[in-house]
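Numbered from 1 within each chain, the chains take letters A, B, ... in sequence-line order.
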Protein chains: 4
Amino acid sequence: MTEKRASIGARRNPDTEAAVLNAATQILAEAGIAGLRMEAVAKRARAGKATLYRWWPTRGALLLAVYRRMKTEDVYADTGSLEGDIAGVLRLVFGHWRRETGAVFRSIIAAAQVEPDVAEALAEFRLERRTALLAVIARAERRGELPAGLVPERLAEAVIATLWFKLLSHDLDDDPDALARVLTQSWSKG
Amino acid sequence: MTEKRASIGARRNPDTEAAVLNAATQILAEAGIAGLRMEAVAKRARAGKATLYRWWPTRGALLLAVYRRMKTEDVYADTGSLEGDIAGVLRLVFGHWRRETGAVFRSIIAAAQVEPDVAEALAEFRLERRTALLAVIARAERRGELPAGLVPERLAEAVIATLWFKLLSHDLDDDPDALARVLTQSWSKG
Amino acid sequence: MTEKRASIGARRNPDTEAAVLNAATQILAEAGIAGLRMEAVAKRARAGKATLYRWWPTRGALLLAVYRRMKTEDVYADTGSLEGDIAGVLRLVFGHWRRETGAVFRSIIAAAQVEPDVAEALAEFRLERRTALLAVIARAERRGELPAGLVPERLAEAVIATLWFKLLSHDLDDDPDALARVLTQSWSKG
Amino acid sequence: MTEKRASIGARRNPDTEAAVLNAATQILAEAGIAGLRMEAVAKRARAGKATLYRWWPTRGALLLAVYRRMKTEDVYADTGSLEGDIAGVLRLVFGHWRRETGAVFRSIIAAAQVEPDVAEALAEFRLERRTALLAVIARAERRGELPAGLVPERLAEAVIATLWFKLLSHDLDDDPDALARVLTQSWSKG
DNA sequence: TTGTAACCGAGACGGTACGTCTCGTCTTGCA
DNA sequence: TGCAAGACGAGACGTACCGTCTCGGTTACAA
């Protein structure tokens, strides 16, 4: 990393952005969302407060930027069955959240209740996840696996609801297979 | 309202408690959780800040007290079928939340991510609801309605997950019947 | 001491008074006048705040009561000369103040700048001391020791001024003989 | 007056300092030291409390700043005799104190009993005055006016003691000439 | 003998001020 | 010329005491 960042002209300095996001990520890890103070982030990043406010006008904006940088592109593997695929999704997301991003996403849900821009971004995240899940369900449909009457959108939402609920309940160690079984109602097929 | 509240001796004054909870409820309605400042509550209730902190040491404690006072004892009607019963539960809770308590409960979920005491109380609420739902499911079991393999606790949790998700997604006007159908997998019976 | 003091009927309880003054004295010794809080005195004395305020309505009143209880009746010895007598007075008062009452009297002077009742009591103390000093000077006059033109009241005041000044300057270890020499102008006689 | 003061960059704003000291001076004049509350000063000066505490961490520091700004450079006139010079000093100081600074200096003496930084500043004031008085006495010595055995430092201290005593006794209207006569023992020369 | 009056400890009450903290805005001076 | 540095006004935070009050109980004295 450059020892001394400064202006690179009349445009955003990527070094500064990186320093700020790193600082915010560290602080989040150390002190949680309650410790994520604009002033502290600026100080730790050796950035001016004005600079911070210029690019991330609210705590929520900063939070979102951190999360976006952490988020990896999930690829949902094909296990050959809907139940297995859903279990895979749960396992994958729980894994990410347990390792690092869980606390941040939890904070985003909390912040979304207060800051409208975060609420908007959260809605967008939800839709993104929904789209990905619909692809998984469509795959099962192509396999002819879907029971009659199942509405893909409803199932996708139920999966997201389960994910959020487990995150907010601090219960990310629950069994993804059991959860997937409930969601896909496999008992009805026995 | 009493013109003059004050000490009634070396013990808690119920008038003061009522005044504080009323003030907090009003402020929550007017300004949301972000406007729920201890200072503002004390001022509006014409109570001293020390009094406030004596009985409700954190914003979360106050929030919980407000919610507890608003909460009515839900009685889940017997509709004759599990799907109908679950739909009834969703309809009832959505109704309450839409009318008044939704914003407060949303705030509680948000606050629970920061304040441990709120988190604890929220966990307790969750268990309470779970117990009530298990009673509904047990009723269905007695009717011989439950599919083989269904784990009541899992279903109960799925219902709560749906409730929370819809609350946090500001989607309390969704169709309870459709949601209940997904939760109880009625398609498998068609 | 009685384990539990309480009312002894419709009259003042001397045990309570003693407990309060003891508590106040201890607190003054430990924490100075800044630590002399009504609340702290009541707690330490195991007395109710109402009781405290009934008998000592202000901090100043309490301060005065403590000082009055500590003050001993000074007897100014006859050394045979005015200068010696004055030196004796200084030595005696400095001794008292150094040992214990100095801090309290300093607090009284400070409190007198704020609370009128303390100011009044301080004026009274001043007069008391003046009277005692005038007796010493009168003794010298009877010995024919007084220079022509000396106004006894002026000398008495100068002695008190010196006492106060040394107390407020935290300089109670200064030499009483040297001070007495200046006050009685012995150089003029050599 | 400027309508709106604010930051002038990363350094102290003299306008703010002036506003604060003006506010403090006014409040002292109106309500005395008991009314000199940090909160009130901040409000009246339209300054933030943080700003106040940044530059004047204690009430004593504020008091000192006010006094220093009020203090004028005393020039002690040469009357041709020691007694006259001392009388002049007393008259001059009494005059200042009567007009305006007396209450403030009294407050400083009181505050010095509680706050160590004020005590320190007071000691400094004392030394300053002592030095000025020693110059007056040296002038008399050059005139050959000083009695044998007179210790200039002792006389200087006696003058200061008299000044303080009269201030604390609210007796600034006493006759400077009579006081000077006692201090310089003119009776011994008659 | 029985009020009843004043005392007592306790501590809740509405308040005020404290000193700290964070916010978001603003200049300035350095690089 | 863009950024770090940080001063600024504003005001909420949680704490500490203030002086007043009511409580429930105790004791002494008057009726």
Side-chain angles (χ1 to χ4, degrees), chain A residues 4-13 15-16 19 36-40 42-43 45-54 57-59, chain B residues 4-13 15-17 19 36-43 45-55 57-59, chain C residues 4-13 15-16 19 36-43 45-55 57-59, chain D residues 4-13 15-17 19 36-43 45-55 57-59:
Chain A
K4 187 68 184 182
R5 273 171 296 99
S7 169
I8 57 168
R11 63 194 213 281
R12 189 165 186 169
N13 184 340
D15 288 353
T16 295
L36 188 71
R37 245 78 72 161
M38 299 303 261
E39 200 123 18
K43 177 104 25 178
R46 300 190 52 78
K49 286 175 61 177
T51 307
L52 201 57
Y53 279 102
R54 183 169 6 253
T58 67
R59 187 202 319 259
Chain B
K4 184 71 180 178
R5 268 173 305 99
S7 171
I8 56 168
R11 64 198 217 281
R12 187 165 187 169
N13 185 343
D15 289 354
T16 295
E17 178 171 10
L36 188 71
R37 280 181 274 270
M38 298 301 259
E39 201 122 16
V41 173
K43 181 136 328 193
R46 302 188 51 76
K49 284 175 60 177
T51 303
L52 203 57
Y53 280 102
R54 178 157 27 237
W55 304 118
T58 66
R59 187 198 322 259
Chain C
K4 183 69 179 184
R5 270 172 300 97
S7 170
I8 56 167
R11 65 199 215 281
R12 188 166 185 172
N13 184 343
D15 288 354
T16 293
L36 189 70
R37 247 82 72 158
M38 298 302 260
E39 200 125 15
V41 173
K43 178 108 18 182
R46 302 187 52 76
K49 285 173 60 176
T51 304
L52 202 57
Y53 279 101
R54 187 173 359 251
W55 303 118
T58 68
R59 188 200 320 258
Chain D
K4 182 72 178 183
R5 271 170 298 101
S7 170
I8 57 167
R11 66 198 216 282
R12 188 166 184 168
N13 185 341
D15 289 353
T16 294
E17 178 172 9
L36 188 71
R37 275 177 278 263
M38 299 301 260
E39 200 124 15
V41 173
K43 179 131 333 188
R46 299 189 52 78
K49 286 174 59 176
T51 304
L52 202 58
Y53 281 101
R54 186 171 3 252
W55 304 118
T58 67
R59 187 198 322 256

| query | Just to confirm, is there a sub-4.0 Å distance from OP1 or OP2 of dA7(F) to any side-chain nitrogen or oxygen of T51(D)? | reply |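 No, because none of the side-chain N or O atoms of T51(D) sits under 4.0 Å from OP1 or OP2 of dA7(F).
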
| said: Measuring to OP1 and OP2 of dC8(E), would you say a side-chain N or O of R11(C) lies under 4.0 angstrom away? | reply: no

Whole-Å distance between [N] [atom2] and [X] [atom1]?
{"X": "D15(B)", "N": "dC23(F)", "atom1": "CG", "atom2": "P", "result": "12 Å"}
{"X": "M38(B)", "N": "dG15(E)", "atom1": "CE", "atom2": "C1'", "result": "16 Å"}
{"X": "K43(D)", "N": "dC18(E)", "atom1": "NZ", "atom2": "P", "result": "12 Å"}
{"X": "I8(D)", "N": "dG9(F)", "atom1": "CD1", "atom2": "P", "result": "11 Å"}
{"X": "R37(A)", "N": "dA12(F)", "atom1": "CZ", "atom2": "P", "result": "17 Å"}
{"X": "W55(B)", "N": "dA12(E)", "atom1": "CH2", "atom2": "C1'", "result": "7 Å"}
{"X": "R5(C)", "N": "dG25(F)", "atom1": "CZ", "atom2": "C1'", "result": "16 Å"}
{"X": "R46(D)", "N": "dA7(F)", "atom1": "CZ", "atom2": "P", "result": "21 Å"}

Examine distances only and state if a side-chain atom of [X] and a backbone atom of [Y] form a donor-acceptor pair shorter than 3.5 Å.
{"X": "R11(B)", "Y": "I8(B)", "value": "yes"}
{"X": "R59(D)", "Y": "L36(D)", "value": "yes"}
{"X": "N13(B)", "Y": "A6(B)", "value": "yes"}

| request: Remember a base hit wins even if backbone is also touched, and classify A42(A) as base, sugar-phosphate or nothing at under 4.0 Å, heavy atoms. | output: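 No contact.
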
| said: At 4.0 Å (heavy atoms only), tell me whether A50(B) reaches a base, stays on the sugar-phosphate, or touches nothing. | reply: base

| Would you say W55(D) and E17(D) make side-chain contact, with heavy atoms under 4.5 Å? | no

| message | For a 4.5 angstrom cut-off between non-hydrogen side-chain atoms, does M38(C) reach K49(C)? | response | no

Given [options], which nucleotide is nearest the side-chain atoms of [X]?
{"X": "R12(B)", "options": "dG9(F), dC13(E), dA17(E)", "answer": "dC13(E)"}
{"X": "A47(C)", "options": "dC21(F), dG9(E), dC18(E)", "answer": "dG9(E)"}
{"X": "Y53(D)", "options": "dG9(F), dT15(F), dG19(E)", "answer": "dG19(E)"}
{"X": "E39(D)", "options": "dA12(E), dC17(F), dA17(E)", "answer": "dA17(E)"}
{"X": "R59(C)", "options": "dC13(F), dC18(F), dC23(E)", "answer": "dC18(F)"}
{"X": "R54(D)", "options": "dC18(F), dA7(F), dG9(F)", "answer": "dA7(F)"}

| Ignoring hydrogens and angles, does a donor from either the side chain of K49(B) or the base of dG14(F) sit under 3.5 Å from an acceptor on the other? |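 Donor-acceptor pair under 3.5 Å: yes.
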
| Heavy-atom donor-acceptor pair, S7(D) side-chain to dC8(F) base, under 3.5 Å |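 No pair found.
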
| field | Pairwise distance OG1(T51(C)) to CZ(R46(C)) - rounded to 0.5 angstrom | value |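 Rounded to the nearest 0.5 Å, the OG1-CZ separation comes to 12.5 Å.
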
| request: Using the closest heavy atom to pick a nucleotide of DNA chain E for each, name whichever of T58(D) or A10(C) lands nearer the 5' end. | output: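 The 5'-side residue here is A10(C).
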
